Amino acid sequence: MANSWDLTPTSGAFAATVRPMSTPAVRTRIAPSPTGDPHVGTAYIALFNLCFARQHGGQFILRIEDTDQSRSTPEYEKAILDSLSWLGLDWDEGPDKGGDKGPYRQSERKDIYREHAEILRKSGHVFPCFCSDERLSEVRKAQTAAKSSTKGYDGHCLSLEASEIESRLAAGESHVWRLNVPREGTCEVLDLLRDPISIEWSTVDMQILLKSDGLPTYHFANVVDDHLMEITHVLRGEEWISSAPKHLLLYKAFGWEPPVFCHLPLLRNPDGSKLSKRKNPTSIRYYERAGILPEALVNFLGRMGWSMPGGEEKFSCEEMQKNFDIMRVSLGGPVFDVAKLRWLNGKWIREDLNTEQFAERMMTWAVNRDYLLPIIPLIHQRVDTLADVVPMITHFLSGNPDLSEESFVHKKITPEDCKKVLVFAGWRLEGMADWSSEALKERLSGLATDMEMKQGAMNIPLFLALSGKSVSTPLYETLAILGPDVSRVRLRLAVDALGGAGKKQLKKLQKAYDALGSKAE
RNA sequence: GACCCCAUCGUCUAGUUGGCCUAGGACACUGGCCUUUCACGCCGGCGACACGGGUUCGAAUCCCGUUGGGGUCGCCA
């Protein structure tokens with residue numbers, strides 16, 4: 001029986017390319033999680049889903065995956081919607097647009113998940129697990145120590161007596177629901193772009209489907225929603241391949257036909273690892289602030305892993321949709337090369353903007369009332385003529401400052417301390433959802449005292465990092481206006497200018513940082 | 001470490017039914033032209049089929065192995 005998992009989805013690879021008229025129209029989706037700044041990787045996956053859907057005359061849906069209550073915020077959700085809109089990646093159905101398959105926000109679908117969990121409970125595909133965090137981490141530790149090839153949940157609660165389960169549930173004991181994964185046989189995952197992938201069930205974890213807060217995890221909500229929203233093709237990042245068996249198992253358990261899967265290569269840092277904000281700016285808003293045109297960014301993302309049949313470098317989103325062919329996706333992970341993005345952006349500026357449009361773009365980008373208004377109070381009392389303004393605010397209108405080690409030579413602080421301040425400040429600013437000047441002040445003001453350093457000295461490297469000058473507009477307001485994306489990148493660039501911080505040094509700094517006894521996160 | 005994915009210039013890629021590939025284009029780098037400067041633009045240069053076995057008359061293209069890179073192994077997605 002364990003071997004009888006016939007999980008062959010649809011009719012194979014041709015289903016996507018030659019979908020007969022009788023089958024439902026193509027429906028794809030992007031399902032971002034509002035737990036951070038809008039990521040270029042989200043835009044990249046969204047673009048391919050959009051092009052694929054449009055190419056087949058189908059719909060593209062936006063769904064918010066906010067089941068992680070502790071990290072999801074409405075601000076991030078708005079930022080993601082705004083950024084995708086800015087890029088022109090428009091969706092047909094979504095939390096803001098509505099549609100007849102809603103709601104499109106997972107936190108508003110709790111009842112749906114509960115009902116579906118009940119179905120699986122009755123069919124025995126899920127089981128309650130009462131294990132504590134402590135026990136789980138011990139199991140994990142033991143597995144690591146034993147160099148066990150299989151890691152993950154050991155199936156402890158699977159062997160509980162029915163009567164015991166009933167009484168513990170009745171007593172209201174905290175528990176989660178796990179997926180009952182077979183321990184034998186293999187699962188075959190079909191992918192539009194590669195040969196069938198065989199994965200042993202024994203290597204698949206008994207995934208938690210329903211958390212103790214009653215909310216589903218990604219794996220569960222995702223399958224239920226994709227089915228209910230009639231998603232026909234799932235184009236997602238390669239990182240999901242290893243959890244595809246769980247998803248397939250869920251479709252099987254519900255008796256549903258799974259969508260066609262297509263795992264796209266992951267965007268990479270210059271060193272080849274998965275694109276991450278530690279090593280590369282990843283926020284869409286950063287690129288917007290850096291003066292990248294939305295059409296150029298979309299064009300560039302379209303060049304990642306895909307090429308026009310005619311080999312064109314520059315093309316619009318419409319042209320991409322018209323010429324899109326999923327089979328032209330190449331599987332090697334593309335490096336997000338900012339230098340090439342710049343060139344492409346320049347090409348769009350030179351070739352597609354006339355003088356008037358260029359001026360308009362400058363105005364919508366930064367030379368406008370809304371952008372200038374919060375900046376004026378910072379320089380108002382310091383200027384004698386209007387002509388004094390621009391030199392004082394260039395850091396709000398230019399790219400990142402050009403810094404070298406010499407930039408940090410100052411009588412009030414040594415370059416080594418500069419680096420320390422920059423790294424520590426970066427850590428203090430991590431994970432801040434509220435990026436107002438007040439919140440920033442609260443976070444940063446204690447740092448100088450903690451480091452037994454004068455505020456004046458501490459500000460020098462920060463000013464340098466943010467503006468390229470050791471004297472600049474007030475710190476917290478400057479950070480607030482620059483925003484988290486630009487600010488973080490500039491702090492990192494400044495550390496790099498100081499020779500960067502290697503693993504060893506970071507470890508040492510971390511130790512010193514922890515010793516501050518601060519309210520670090 | 002286990003499992004899985006991937007593999008053409010430093011980077012993005014063309015090449016997809018094996019011969020038209022002495023491997024094409026673009027970014028970056030570089031030489032020159034244009035030009036009052038710089039940039040743009042134009043012309044040129046540098047530069048890759050990871051390695052080893054097969055299959056074949058013939059392989060970047062197919063198969064196997066090795067190596068390398070990446071991903072996953074959370075009550076995150």
Side-chain angles (χ1 to χ4, degrees), chain A residues 31-36 39 41-42 64-72 106 129 131-133 136-137 140 143-153 174-178 186-187 189 191 193-205 207-222 236-246 263-275 299-314 325 327-347 349-351:
Chain A
S33 173
T35 53
H39 201 280
T42 305
I64 295 294
E65 308 233 332
D66 57 349
T67 54
D68 185 345
Q69 295 279 276
S70 58
R71 294 199 303 150
S72 297
Q106 290 186 330
C129 169
C131 293
S132 64
D133 281 345
L136 293 176
S137 66
R140 225 165 276 142
Q143 286 167 340
T144 308
K147 293 194 172 150
S148 168
S149 59
T150 51
K151 281 187 186 152
Y153 188 63
S174 175
H175 64 282
V176 300
W177 289 86
R178 286 182 185 273
T186 61
C187 176
V189 180
D191 186 291
L193 294 174
R194 41 201 118 209
D195 292 334
I197 300 161
S198 292
I199 296 173
E200 300 274 328
W201 282 116
S202 61
T203 66
V204 179
D205 191 29
Q207 181 65 48
I208 291 177
L209 261 26
L210 238 40
K211 301 183 270 189
S212 52
D213 64 2
L215 281 171
T217 54
Y218 165 88
H219 305 278
F220 187 56
N222 167 270
R236 50 161 35 162
E238 209 176 13
E239 55 194 333
W240 294 107
I241 289 180
S242 46
S243 44
K246 294 170 195 170
H263 294 93
L264 298 169
L266 258 24
L267 261 27
R268 308 283 185 93
N269 294 312
D271 69 1
S273 56
K274 172 165 106 166
L275 192 66
N299 184 176
F300 180 69
L301 291 173
R303 299 276 304 104
M304 300 279 92
W306 191 78
S307 59
M308 284 285 262
E312 295 88 344
E313 291 279 344
K314 178 162 155 273
D325 176 1
M327 293 308 167
R328 288 190 65 81
V329 169
S330 60
L331 263 17
V335 171
F336 193 94
D337 181 4
V338 181
K340 189 144 186 178
L341 171 59
R342 276 185 73 94
W343 165 79
L344 195 56
N345 197 58
K347 220 165 149 57
I349 287 180
R350 287 188 294 275
E351 297 174 6

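Quick note on labels: first sequence line is chain A, next is B, and so on, each numbered from 1. Quantities reported herein were computed from a predicted structural model and do not represent experimental measurements.
Checking B/A77 for Watson-Crick or G-U wobble geometry (two distances, each under 3.5 Å) identifies no partner in any strand. With a 3.5 Å ceiling on both atom-pair distances, the Watson-Crick or G-U wobble partner of B/C51 is B/G65. Base pairing analysis places B/U22 opposite nothing; no Watson-Crick or G-U wobble pair with both distances below 3.5 Å involves it. When Watson-Crick and G-U wobble pairs are counted only if both distances are under 3.5 Å, B/G10 pairs with B/C27.
B/C3 and B/G15 have their P atoms separated by 34 Å, given to the nearest Å. Taking atom P in both B/C9 and B/G69, the straight-line distance is 15 Å, to the nearest Å. B/G18 and B/U61 have their P atoms separated by 12 Å, with the value rounded to a whole Å. A gap of 31 Å separates the P atoms of B/A23 and B/U66, to the nearest Å. Rounded to a whole angstrom, the distance from the P atom of B/C4 to that of B/C43 is 49 Å. Spacing of P atoms, B/U67 relative to B/U30, comes out at 38 Å, to the nearest Å. Look at the C1' atom in both B/A59 and B/C51: the space between them is 16 Å, to the nearest Å. Rounded to whole Å, the C1' atom of B/G68 lies 14 Å from the corresponding atom of B/G52.
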What are the atom names and distances for every N/O pair under 3.5 Å that joins the protein to nucleotides 73-76 of chain B?
from	atom 1	to	atom 2	distance (Å)
B/C75	O2	A/Ser212	N	2.7
B/C75	O2	A/Ser212	OG	2.7
B/C75	N3	A/Ser212	OG	3.0
B/C76	OP2	A/Lys211	NZ	3.1
B/C76	O2'	A/Asp68	OD2	3.1
B/C76	O2'	A/Arg71	NH2	3.0
B/C76	O2	A/Arg71	NH2	3.4

Identify the pairs formed between an N or O of the protein and an N or O of nucleotides 9-16 of chain B at a distance under 3.5 Å, and give each distance.
from	atom 1	to	atom 2	distance (Å)
B/C12	OP1	A/Val335	N	2.9
B/C12	O2'	A/Arg303	O	3.1
B/C12	O2	A/Lys340	NZ	3.3
B/U13	OP1	A/Gly305	N	2.2
B/A14	OP1	A/Ser307	OG	3.2
B/G15	OP1	A/Arg328	NH1	3.1

When you compare the protein's N or O atoms with those of nucleotides 47-50 of chain B, which come within less than 3.5 Å of each other, and at what distance?
none

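Counting to the nearest Å, the P atom of B/C5 and the CD atom of A/Glu239 are 17 Å from each other. Distance CG (A/Leu331) to C1' (B/G68): 17 Å, rounded to an integer number of Å. Atom CG in A/Leu301 sits roughly 16 Å away from atom C1' in B/C27 (whole-Å rounding). Counting to the nearest Å, the P atom of B/G71 and the CD atom of A/Glu238 are 9 Å from each other. Taking atom CG of A/Asn345 as the reference point, atom C1' of B/A26 lies 16 Å away to the nearest angstrom. For A/His263 and B/C4, the NE2 to P distance is 15 Å, given to the nearest whole Å. One interatomic measurement links the two molecules: CD of A/Glu200 to P of B/C3, which rounds to 9 Å at whole-angstrom precision.
Between A/Trp240 and A/Tyr218, the ring planes are parallel. Angles under 30° get that label, and only those over 60° would be called perpendicular.
Among the protein residues, A/Leu266 comes within range of the sugar-phosphate backbone only, with heavy atoms under 4.0 Å from sugar or phosphate atoms but none that close to a base.
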Nucleotide by nucleotide, nucleotides 38-46 of chain B touches protein heavy atoms under 4.0 Å in the pattern (B base, S sugar-phosphate only, - none) --SS-----
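Between the A/Arg71 side chain and the A/Ser33 main chain, no donor and acceptor come within less than 3.5 Å of each other. A distance-only check finds no donor-acceptor pair linking the side chain of A/Asn269 to the backbone of A/Asp271 [under 3.5 Å].
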List the steps and the verdict of side-chain contact (heavy atoms from CB on, under 4.5 Å) for A/Arg178 and A/Gln207. CA-CA 5 Å; A/Arg178 286 182 185 273; A/Gln207 181 65 48; over 6 Å; no
Show your working on side-chain contact (heavy atoms from CB on, under 4.5 Å) between A/Leu264 and A/Met304 and close with a plain yes or no. CA-CA 10 Å; A/Leu264 298 169; A/Met304 300 279 92; over 6 Å; no
A/Phe336 vs A/Leu341, test: side-chain contact (heavy atoms from CB on, under 4.5 Å). Steps then yes/no. CA-CA 8 Å; A/Phe336 193 94; A/Leu341 171 59; 4.2 Å; yes
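In this structure, A/Asn299 CG and A/Asn345 CG are separated by 9.5 Å, a value rounded to the nearest 0.5 Å. In this structure, OG1 in A/Thr186 is found 9.5 Å from CD1 in A/Ile199, a value given to the nearest 0.5 Å. Separation of atoms CG (A/Leu136) and SG (A/Cys129) is listed at 6.0 Å; rounding is to 0.5 Å. In this structure, NZ on A/Lys246 lies 4.5 Å from NE2 on A/His219, to the nearest 0.5 angstrom.
Residues A/Lys211 and A/Gln69 are not in side-chain contact: their nearest non-hydrogen atoms beyond the backbone lie 4.5 Å or more apart. You'll find the side chain of A/Met327 reaches within 4.5 Å of the side chain of A/Leu193, heavy atoms only.
Here salt bridge (Lys or Arg N to Asp or Glu O under 4.0 Å) pairs that include residues 328-343 of chain A, with residues two or more places apart or in two chains, are A/Glu313-A/Lys340.
In this view, A/Tyr153 satisfies the ring pair (Phe, Tyr, Trp, His ring centres under 6.0 Å) rule with no residue, not counting sequence neighbours.
Nearest heavy atom pair, residue A/Gly41 against residue A/Leu267, reads CA-CD2, 3.9 Å.
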